[in-house]
There are 2 protein chains.
Amino acid sequence: MSRLAGVSIKTVSRVLNREKRVAEATRAKVNAAVASLNYRPNVAARTLAGHRSFQIALACDNPSPYYVYEMQSGIRDRCQMDGVRMIAQPYDHDSERLLDDIESLVDASGVDGLILTPPATDYPEVLALMARRNVRFVRVSPGTDLDLTASVFIDNVGAATAMTRHLLALGHRRIGFISGHASYATSTQRLEGYRSALDDADIAFDPLLVRPGDYDFASGADATEALLALRDPPSAIFAANDDMAAGALSVAHRRGLSVPAQLSIAGFGDDAVSRFVWPPLTTIRQPTRTLGYQAADLLLAGEFKIERREVPFELVRRESTGPLRSAGSAAG
Amino acid sequence: MSRLAGVSIKTVSRVLNREKRVAEATRAKVNAAVASLNYRPNVAARTLAGHRSFQIALACDNPSPYYVYEMQSGIRDRCQMDGVRMIAQPYDHDSERLLDDIESLVDASGVDGLILTPPATDYPEVLALMARRNVRFVRVSPGTDLDLTASVFIDNVGAATAMTRHLLALGHRRIGFISGHASYATSTQRLEGYRSALDDADIAFDPLLVRPGDYDFASGADATEALLALRDPPSAIFAANDDMAAGALSVAHRRGLSVPAQLSIAGFGDDAVSRFVWPPLTTIRQPTRTLGYQAADLLLAGEFKIERREVPFELVRRESTGPLRSAGSAAG
DNA sequence: TTGTACGCGTTATCAT
DNA sequence: ATGATAACGCGTACAA
């Protein structure tokens with residue numbers, strides 16, 4: 001017991017929990033004792049006795065490592081401020097275990113809060129769970145039941161509309177769209193933005209120009225092959241995320257298409273992938289790290305209320321980047 | 001208490017902990033009760049009473065999101081088998097907080113084990129901490145004090161030697177090397193392999209051909225600019241990781257150099273980045289996910305002993321991939 | 001094979 | 001402002 005060091009008994013608890021009613025003198029003594037003994041309160045005991053675990057969980061399943069990395073980084077940044085730990089709880093989007101994992105996170109681990117990313121954010125069973133539980137939940141980019149939990153998001157529809165308008169402004173009339181997996185609301189929203197921009201421009205929607213993907217590189221490549229194989233192929237391709245855009249790009253290269261001279265490619269993501277492929281892609285920059293930070297902040301900051309926080313996106317233009325012509329001439 | 005459901009008292013504990021001496025009948029009854037009540041033992045209570053927390057931590061700081069993602073995935077796969085959770089504990093490699101974080105992970109959170117990745121694996125203070133603690137530690141790719149803790153690794157020296165030999169066999173005589181940050185033992189080891197192969201081929205080591213990087217895209221690009229600016233530039237560049245190789249590639253593109261016709265680029269990583277840049281790069285495939293899995297396995301499987309596990313690497317050749325010529329001719 | 005009593009280290013409640 | 005005491009929910013040791 002740190003009582004030996006200090007002079008008071010478990011007033012230590014008050015000090016450590018930064019409670020109001022403590023004399024400045026006692027507080028100092030306790031703090032000194034804590035420092036000298038390198039004392040660290042046991043988390044398990046605090047969890048058992050109190051009602052907080054000093055842990056939050058991130059239930060995340062996304063094919064893009066960058067997304068996961070940035071999301072975790074943002075959450076970490078916020079957690080560090082409160083001395084809270086993050087449990088990383090990956091899940092397979094088709095796994096039966098998800099619900100069980102979440103429940104045991106709440107029941108057994110007693111986490112103070114849970115952050116969910118798509119597609120689980122919109123699973124009916126998960127929504128039902130959240131509805132009957134009295135736990136802090138924050139959903140990132142949810143698609144349905146927006147008032148059920150707190151959430152952070154960007155305007156996916158607006159972002160996709162902006163990008164599509166941008167491509168239209170460049171003169172493109174046939175724009176291919178590679179969607180994400182249908183279970184991701186973000187994918188649906190981005191497709192909606194795409195359609196909306198076409199509508200505004202009075203361009204007929206051609207279902208052939210929309211190909212399903214899986215938010216990963218390979219599916220982006222496959223979808224692009226399909227789009228380029230069309231009788232009347234698109235002059236631009238807008239992928240619902242950067243990994244798929246990178247896949248699209250690889251196909252362009254493989255086929256010897258100059259980008260963007262012969263084929264424009266646009267992406268959507270946190271601008272890591274889009275920046276380091278060649279040529280760097282025009283993309284919608286989604287500040288994933290900020291999404292994570294804000295999600296954690298909703299969980300940790302004071303009173304918890306069901307609040308919706310929108311984070312701004314940015315359209316990053318990179319058309320000016322030279323086409324591969326220079327590379328070609330050098331090679332030829 | 002689930003006593004109401006079952007008939008016995010806290011023999012439940014025995015059942016849940018899969019102890020030997022329990023009658024098959026009682027076990028069945030208890031299990032039924034557990035299932036019907038959806039009972040989940042409280043982790044905090046178990047941690048407090050017992051001596052396990054059912055949590056392990058991954059202290060990881062790596063500039064490559066793919067590395068982190070794959071590492072976590074491997075650990076997750078193994079943890080899932082034992083119902084153990086993973087705490088993701090990122091750190092800044094220059095942070096004073098690291099030691100404090102690790103200690104509180106052990107003292108306060110009472111994790112059952114800790115997995116460390118470079119560069120923290122070789123920090124003297126961290127090593128000292130591990131030496132005086134009686135906790136399960138596993139280091140991934142450590143560089144020093146190999147007998148201090150259990151570890152998993154690939155033969156970095158051998159891998160770099162193999163790649164360098166490969167480049168030599170292709171006819172290259174001036175091979176640039178982009179190292180990682182000096183605090184990463186893996187970087188030093190890979191450089192050593194590079195030098196070793198040169199020695200074997202009786203090629204004088206030219207310090208100008210070695211440029212420091214930071215294991216990230218930007219530093220790879222910078223180092224490449226420097227290498228190409230040399231009076232006698234290299235015909236091939238071997239980067240100590242794939243992110244830097246991608247950076248090198250971007251410079252080649254920007255300068256209109258055909259890859260690999262005019263400049264060969266080789267990488268080192270888990271083959272995600274190297275596969276989706278253009279052209280896909282020859283690389284040393286390090287099975288990062290396997291490293292994570294094995295690290296977790298060392299922690300969780302039975303008796304813990306200080307064991308060293310080596311995982312095989314693979315040299316993935318991709319020179320046959322066409323140069324950019326086709327793209328160029330199409331563009332021109 | 002199963003049940004009982006105690007303790008893990010902290011917070012919460014109530015006195016003081 | 002501070003101290004005593006009872007939980008918190010489970011393992012462990014020992015008894016039955």
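Note that this is a predicted model, so its numbers are computed, not measured. So you know, we letter chains A, B, ... as the sequences are listed, proteins then strands, and number each from 1.
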Considering residues at least two apart in sequence or located in another chain, which fulfil the side-chain hydrogen bond (donor to acceptor under 3.5 Å, both in side chains) criterion with A:Thr117?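 Result, side-chain hydrogen bond (donor to acceptor under 3.5 Å, both in side chains) vs A:Thr117: none returned.
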Quick one: list whatever passes side-chain hydrogen bond (donor to acceptor under 3.5 Å, both in side chains) with B:Asp82, sequence neighbours left out.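 B:Asp82 satisfies side-chain hydrogen bond (donor to acceptor under 3.5 Å, both in side chains) with B:Arg78 once adjacent residues are dropped.
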Should we count CZ of A:Arg52 as having more than 12 external heavy atoms under 6.0 Å?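 12 or below, so no.
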Round to a whole Å and report the spacing from [atom1] of [X] to [atom2] of [N].
X: B:Phe54; N: D:dG9; atom1: CZ; atom2: P; answer: 17 Å
X: A:His51; N: D:dG9; atom1: NE2; atom2: C1'; answer: 12 Å
X: A:Arg40; N: C:dG9; atom1: CZ; atom2: P; answer: 16 Å
X: B:Leu37; N: D:dG9; atom1: CG; atom2: P; answer: 15 Å
X: A:Arg14; N: D:dA4; atom1: CZ; atom2: P; answer: 11 Å

Compute whether any side-chain donor of one residue and acceptor of the other, for B:Thr149 and B:Arg139, lie under 3.5 angstrom apart.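 Checked: B:Thr149/B:Arg139 side chains pair up, N/O donor to acceptor below 3.5 Å.
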Here's a test of your reading of the structure: between B:Ala25 and B:Gly50, which maps to the more 5' nucleotide of DNA chain C?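 Looking at the nearest nucleotide for each, B:Ala25 comes out on the 5' side.
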Going by side-chain contact (heavy atoms from CB on, under 4.5 Å), name the residues that satisfy it together with A:Arg136, two or more places apart in sequence or in a different chain.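 Residues passing side-chain contact (heavy atoms from CB on, under 4.5 Å) with A:Arg136: A:Leu299, A:Phe304.
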Going by number, which of residues 101-110 of chain B have a non-hydrogen atom under 4.0 Å from DNA chain D?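 Hits under 4.0 Å, by residue number: none.
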Can you list, by residue number, the residues of residues 42-49 of chain A that have a non-hydrogen atom closer than 4.0 angstrom to DNA chain D?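 Correct list: A:Leu48, A:Ala49.
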Any ring pair (Phe, Tyr, Trp, His ring centres under 6.0 Å) involving residues 115-155 of chain B? Give me the pairs, sequence neighbours left out, ordered by first then second residue.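 Every candidate ring pair (Phe, Tyr, Trp, His ring centres under 6.0 Å) pair involving residues 115-155 of chain B fails, so no pair, neighbours aside, qualifies.
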Does B:Asp297 pair with B:Arg309 as a salt bridge, N-O distance under 4.0 Å?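 Salt bridge: yes.
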Are OP1 or OP2 of D:dC10 and a side-chain N or O of B:Tyr39 less than 4.0 angstrom apart?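 Yes.
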Taking the six-membered ring for Trp, are the ring centroids of A:Tyr66 and B:Tyr66 within less than 6.0 Å of each other?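 Close enough - the centres of the two rings lie under 6.0 Å apart.
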